[in-house]
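A short write-up of the structure that comes next.
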There are 2 protein chains.
Amino acid sequence: MAIGRPSPSSSQTPDPGAARRPSRARGIPEATVARLPLYLRALTALSERSVPTVSSEELAAAAGVNSAKLRKDFSYLGSYGTRGVGYDVEYLVYQISRELGLTQDWPVVIVGIGNLGHALANYGGFASRGFRVAALLDADPNVVGSTAAGLPVRHMDELEEIVASQHVSIGVITTPPGAAQQVCDRLVEAGVTSILNFAPTVLTVPDGVDVRKVDLSIELQILAFHEQRKAGDEPAAGDSVLDRAPGPVRAAAAKLRRAAGGKAEQAKTAPAAKGGPDDDLSAVMPA
Amino acid sequence: MAIGRPSPSSSQTPDPGAARRPSRARGIPEATVARLPLYLRALTALSERSVPTVSSEELAAAAGVNSAKLRKDFSYLGSYGTRGVGYDVEYLVYQISRELGLTQDWPVVIVGIGNLGHALANYGGFASRGFRVAALLDADPNVVGSTAAGLPVRHMDELEEIVASQHVSIGVITTPPGAAQQVCDRLVEAGVTSILNFAPTVLTVPDGVDVRKVDLSIELQILAFHEQRKAGDEPAAGDSVLDRAPGPVRAAAAKLRRAAGGKAEQAKTAPAAKGGPDDDLSAVMPA
DNA sequence: CCATCTTTGTGCACACGTTCACAAACGCAT
DNA sequence: ATGCGTTTGTGAACGTGTGCACAAAGATGG
């Protein structure tokens, strides 16, 4: 898998059903992989309470999933349960850890030590499970030299050396959006092949590089959508009948919108919330 | 939609295909909703550059998705494009904003002002798009009274009053995992019906309340899985042949694992990484 | 050794999501 | 007006994910 830039694909957190890397190669569906960490967390909690075995029903409840789904997920890893008894907690912890690659050490670099980068550096979930912060990097000379979570913030120029010498393959981007693609390119060039992107930017990477994104703003907007639905959902705010009207009506409306042109005119074609339902219609079809 | 606690369901960030609230009620698939913010961001960028229209191909490239998928997504909102021309940028910005409910004001409370809560309070993506931090809350008296992002940190006990008076319907949880469920319950009790959870905990909420989770640790583990695959993926680390072996062999192995019992014995049944591939096998089937 | 009870593992049907491919629609030039 | 090139909107096929329901497997007690 060459690191060159043959066919840059910009897939963030690959959608289910999308053209995916054959993670299916040895058979584990992507949806299952995404749930394994959840199971692992629940199992670890059970393990700490010295619970020896657990049924799929109990574990599923703890992880917030359907028990049949959980059993099917485990079946992809092999048959680690005992009928009539359940699953051996310790053994399952080990098997899932191994499958996820957590039995090895994963050095990680964090690029962009602002508020968020600082918070992540201190995040407890980092140190655990084989993840280790190899270095904190930033381009701002005012930040370089300070320390966060006991680690010194080093300059971006040291990136290549750090990645190479410490065999870093995972990078976390917490820069402002404008710098994200540039930082991403540099990470990839240095040899990083997995990137967790917190910047609100669509990253383009070569094949063979995985990108997952975490985006607060998007999550909030999705919540807002559902929230609006719950609250009665004003159906006919802007346009209404025009939307699905077949025939030349739609075309005329679209033409008008385009003719309105620059953003100064937005208020005209997009009445703020409570405009009459047929403001546009009257413009299209004068009585 | 009663706020009582009829049937607590613990669904985080509902899986595709799962028993979902009929967001489909007026027809917009969940997968589409999740992409609308992405389109909106790309469209906003175009708008700032005063681009009047955009084709599905261009916009899809900017958002990192398939153009047919984008067109189908937009078709759920209505027919806002013009064949042979493309989509009117301004108009689309408005329509998507409206569909997502971003034309109204969304006050948000953040509970748990540690490193992460602090970072989120300062996050730029918050202020924009109609989201407004109504209050920062914490239970720790040492934190209460300090300020973050120009806002005072107030005590948890003020939660109910704040939610009621400011009509807050969205809450963000950035507490340690142990406190998350408790805080969640209190948010729901106060009237919050959408929760964004950053704590690594499975939250249980009544019907009618939406929960989305953001989990750094899970994202890293998923990346590690794929990373391990790329790096050759040692297939036979722990067990191997036993996994899918039919017949009584599997049962015997499982029995042994359970017999091994407490976690003290873990090293025996779960050899650390590079143990011989058939450590267990030899125990099950002595030569 | 047998009967019974519990729980796994999975075949099957269905819902959802993605992608292809193409006709219909539209702008524009002639 | 007519024809041409472009782009949308969507029907249809396919792949993925989910959940039901049940047979098979094992444990346990007599």
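All of these numbers come straight from a predicted model, not from anything done at the bench. Chain identifiers are assigned alphabetically (A, B, ...) following the order of the sequence lines, protein sequences preceding nucleic acid strands; residue numbering begins at 1 within each chain.
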Roughly, in whole Å, what's the span from [atom1] in [X] to [atom2] in [N]?
| X | N | atom1 | atom2 | result |
| --- | --- | --- | --- | --- |
| B/L77 | D/dT8 | CG | C1' | 14 Å |
| A/Y80 | D/dA25 | OH | C1' | 19 Å |
| A/L92 | C/dG9 | CG | C1' | 14 Å |
| A/K69 | C/dA15 | NZ | C1' | 13 Å |
| B/R83 | D/dG9 | CZ | C1' | 5 Å |
| A/Y76 | D/dG17 | OH | P | 8 Å |
| A/E30 | D/dG15 | CD | P | 18 Å |
| A/D88 | C/dT7 | CG | P | 16 Å |

The answer to which of A/R71 and B/D73 contacts DNA chain C further toward the 5' end, by nearest nucleotide, is A/R71
At under 4.0 Å, does any side-chain N or O of [X] touch on OP1 or OP2 of [N]?
| X | N | value |
| --- | --- | --- |
| B/N66 | C/dG17 | no |
| B/Y87 | D/dG9 | yes |
| B/R35 | C/dT18 | yes |

| said: Are B/V65 and B/D73 packed together at the side-chain level, in the sense that at least one heavy-atom pair is separated by less than 4.5 angstrom? | reply: no
Q. Quick one: does A/I218's side chain get under 4.5 Å of A/K213's, heavy atoms only?
A. yes
Of C/dT10, C/dG27, D/dA27, the nucleotide closest to the side chain of A/T82 is D/dA27
The nucleotide from C/dA21, C/dG17, D/dG19 with an atom nearest the side chain of B/A68 is C/dA21
Result for 5'-nearest mapping on DNA chain D, choosing between A/K72 and B/S56, is B/S56
Under 4.0 Å between any heavy atoms, over every strand shown, what does B/F74 touch: base, sugar-phosphate, or nothing? Just pick one. nothing
(request) Look at B/R35 together with B/E30 and state whether they make a salt bridge at an N to O cut-off of under 4.0 Å. (result) no
| query | Are the charged groups of B/R229 and A/D210 less than 4.0 angstrom apart, N to O? | reply | no
Exactly one of A/F74, A/Y94, A/Y91 clears ring pair (Phe, Tyr, Trp, His ring centres under 6.0 Å) with A/Y80, and that residue is A/Y91
